Amino acid sequence: MRSDLVKKGLERAPHRSLFYAMGYDAVELEKPLIGIVNSFNEVVPGHVHLDRIAAAVKAGVYAAGGLPVEFNTIAVCDGIAMGHPGMKFSLASRELIADSVEVMAMAHGFDALVFIPNCDKVIPGMLMAAARLDLPSIFISGGPMLAGEFAGRAVDLSSVFEAVGAVKAGRLDETALERLEQAACPGCGSCAGMFTANSMNCLCEALGMALPGNGTIPAVDARRLRLARAAGRQILELWKRDLRPSRIMTAAAFRNALAVDMAMGCSTNTILHLPAVAHELQIGWELGEINTISEKTPQLCLLSPAGPDRIADLDRAGGISAVLKELQRGGLIDDGQLSVTGQTFRQNLAGASGPDGKVIRTLEDPFRPQGGLAVLFGNLAPDGAVVKQGAVAPEMLKSRLRARVFENEEAAVEAVLAGKIVPGDALVIRYEGPKGGPGMREMLSPTAAVAGMGLDKEVGLITDGRFSGATRGASIGHVCPEAMEGGPIALVQDGDIIAIDILERRLELQVAPEELARRRENLVLPPLKARGGYLLRYASQVTAAWSGAVLRVPPEGGERR
């Protein structure tokens, strides 16, 4: 056992003494040491109940003959951090989470790990740690929130963000907004739509790193606790078989995850996080491969914010297993890949139900013939940009818009809410990338304001930052290179025409090359916004969005475990 490093032999008597100080006994120290990586806190609705999940996991570990030892990581609530400087820390927290897990696992000699995430950056941060450490690992999320109800319809967090714009436009009064904000998020869990947190929890299943049901069983459902105990028991099986993340998260597994991503219309943030996890395993891909998978994978689900269904509806319709079953039928996944069940997907899916035809449609009757995400290229985004095409109105799939340029998110939101944005405009929000933000702030406020004012079918948004998974409309993010690196988005001026052709995967600034050359000669980049602390270190090391916004490795590198 790896944990023998800290508990076996004469020289480890002091170490054992410290374990005894915590109440463990000699019999327990003979068992494999299982790290329980919990992101519980009392700030994030998706995490406030994870103490109960951890208790169930530990019961499963004990029952299977292991010794569970719990420790915590940080977790940022993107909804609470949204729209102010706090959001600069959200994406940046992903790296801290991965690093902190590495520190704890290496310092204390764990034999295997159970990861308990639930929200946006925590899931990929823990996946990165699992890949980096390559110890037997399993994921069990806290589960999605149920939808709220308001005025006879289902609502969620994005409904509240959009309602702010509706109030400004005179389409909703403030009394109704107050009632909505109290109804939209009825309890614990990750926000109810196919936003980033639920996207990543579902993709944990598709990658093979979580048991079936991980992404969709509601947080308040007793099945969630049963799944947590099952995960606790299963980690001992993975340890006995030495089944590690590197054998599960192969290049083919990432292609499977992308296929599921496209079929469900997941958040654009998945295109930021999956490359970061793959990077830890030294698995590379080209952004163009995303379009290849998208073009052959129909969108089978139309979940909020693109449609009316929520994650609980997806669960009732059969969950990720039903989506995988239908993709398997079309030969769109490699079902020979291993999962944490200890079996292949072919074996896992043998008894799974197919699509219900409503929430999960068939390959012959999809919501859209192509997948939910697309990567655009062109002179405005030479290294790519990402759009959630499954949430774009048909009339905005091809358009020519006037640029309205803003140097930060706040200025753009102010203009929208003041009624200064009109049909035919494209909000260009720059210096919000990984380096320029810094931290590539997730921007739900401007997109929700546009949608709330009824302009989402007439106005586009283009940024080197990123948008929330709760975003709908022609919102194009991750424009690379970013403005702070001198990318073409830094050259855009008010009134320029931008041609968007999502079907042809093009994003073009229709300005003569000689004029762009003149502008580049006169371009003066602003200083970094970060003045000190973690954000300055982050901004000085972070790479481009197309590579997952991972941190640069020193030139000398180092030996990988």
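Nothing here was measured: the structure is a model prediction, and the numbers come from that model.
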For the residue pair [X] and [Y], confirm or rule out a side-chain donor-acceptor distance under 3.5 Å.
X      : Y      : answer
Asn269 : Glu442 : yes
Arg316 : Thr216 : no
His49  : Arg224 : no
Asn348 : Ser339 : yes
Glu205 : Asn214 : no

Any donor-acceptor pair under 3.5 Å linking the side chain of [X] with the backbone of [Y]?
X      : Y      : value
Glu95  : Val550 : no
Asn72  : Asn38  : yes
Thr543 : Leu551 : no
Arg94  : Ala549 : yes
His47  : Ser39  : yes
Asp315 : Pro218 : no
Glu482 : Lys435 : yes
Asp456 : Gly473 : no
Arg441 : Met82  : no
Lys529 : Tyr431 : yes

Would you find more than 12 non-hydrogen atoms of other residues, nucleotides or ligands less than 6.0 Å from Arg52 atom CZ?
no
In this structure, are over 12 heavy atoms from other groups packed under 6.0 Å from Glu289 atom CD?
yes
Aromatic Phe367 / basic Arg361 pairing, under 6.0 angstrom, 45° off normal:
yes
Please report the interatomic distance CG(Leu50) to CD(Glu70), rounded to the nearest 0.5 Å.
9.5 Å
Taking side chain as C-beta onward, heavy atoms only, is Arg466 less than 4.5 Å from Leu91?
yes
Do Arg226 and Asp221 sit within salt-bridge range, that is, some charged N less than 4.0 Å from a carboxylate O?
no
Using the ring of each side chain (for Trp, its six-membered ring), is Phe139 parallel, tilted or perpendicular to Phe115, with breaks at 30° and 60°?
parallel
Give the C-alpha distance, both sets of side-chain angles, the deciding distance and a yes or no for salt bridge (charged side-chain N to carboxylate O under 4.0 Å, His left out) between Asp313 and Lys358.
CA-CA 10 Å; Asp313 301 309; Lys358 295 178 181 179; over 6 Å; no
